[in-house]
Each structure stands twice: as C-alpha cells, then as structure tokens.
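For the single chain, residues carry numbers from 1 onward in sequence order. This is a predicted model, so every value here is computed, not measured.
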Amino acid sequence: MTINLLSCDQDRPDRRAIARMIGDIADGVDHNLANELTDILLEGSSVEIEVSFNESSAYRALRKAGIDYEIAE
C-alpha cells in the first residue's frame, strides 16, 4: 500500500524519531533515505512511501508522530 505523508504538525518535531519511524514502517528504506525523506517532509513537501507489513501499526506510528497522511492505493 502506498501512503502519502503530507505534513508534520508538531511544534518541534524530533527528526531522529521521525526518520527512525519511517525506516521501520516503509519498505526498502534505509537509514540514509529515511533521513532524506524526513528532511523533505519537514520542509513542507509531501513524501510517498510503500508499506506492506503491519499497516495498522504504521498508521498508529504516523498519528503518534503527528504526521498527516493519506492512503493512495
């Protein structure tokens, strides 16, 4: 499943925690790519990731991190 990460609405987002979470939930994303995707997201652009394992946990992690997302099939 493809998920579009739209924005992060936290006042002071924790870049390391968000990058770690993206690396954990997204398919084929290593530490360096997760850091790049986090920077793009926090600069205001949307990011697209693939999630194929344990989707409900991915949604929960995104909500906990304060990241707005939409599901793109």
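- Residues G23 and A34 come closest through the heavy atom pair N-CB, 3.9 Å.
- Side chain to side chain, S7 and D68 meet the donor-acceptor criterion of an N or O pair below 3.5 Å.
- Considering only heavy atoms from C-beta on, I67 comes within 4.5 Å of M21 through its side chain.
- Between the CE atom in M1 and the CD1 atom in I71 there is a gap of 5.5 Å [rounded to 0.5 Å].
- The distance from atom CD of Q10 to atom NZ of K64, rounded to the nearest 0.5 Å, is 11.0 Å.
- I25 is listed as a side-chain neighbour of L62, based on a closest heavy-atom distance under 4.5 Å.
- Side-chain contact between I3 and L5 is present, with heavy atoms from C-beta onward closer than 4.5 Å.
- L6 and V29 end up in different hydrophobic clusters when Ile, Leu, Val, Met, Phe, Trp and Tyr side chains are linked at under 4.5 Å.
- Scanning both residues, A19 and T38, for their nearest heavy atoms gives CA-OG1, 3.2 Å.
- In terms of the side chain to side chain contact (heavy atoms under 4.5 Å, CB included) criterion, residue partners of N32 (sequence neighbours excluded) are, by chain and number, D30.
- Taking every heavy atom of both residues into account, V51 and A58 meet most closely at CG1-CB, 4.0 Å.
- Crowding of R15 atom CZ: a count of heavy atoms from other residues, nucleotides or ligands under 6.0 Å exceeding 12.
- Heavy atoms only, all atoms of each residue included: G28 and L33 are closest at O-CD2, 4.2 Å.
- We find the CD-NE2 distance between E36 and H31 to be 11.0 Å, quoted to the nearest 0.5 Å.
- With contacts defined as side-chain heavy-atom distances shorter than 4.5 Å, the pair I22/I18 qualifies.
- Side-chain atoms of N4 never come within 3.5 Å of backbone atoms of Y69 as a donor-acceptor pair (strictly under, hydrogens ignored).
- The two residues G66 and D9 have their closest heavy-atom pair at O-OD1, 2.6 Å.
- Side chain of S45 to backbone of L41: no donor-acceptor contact under 3.5 angstrom is found.
- Although no hydrogens or angles enter the test, the distance criterion places no donor-acceptor pair under 3.5 Å between the side chain of E48 and the main chain of T2.
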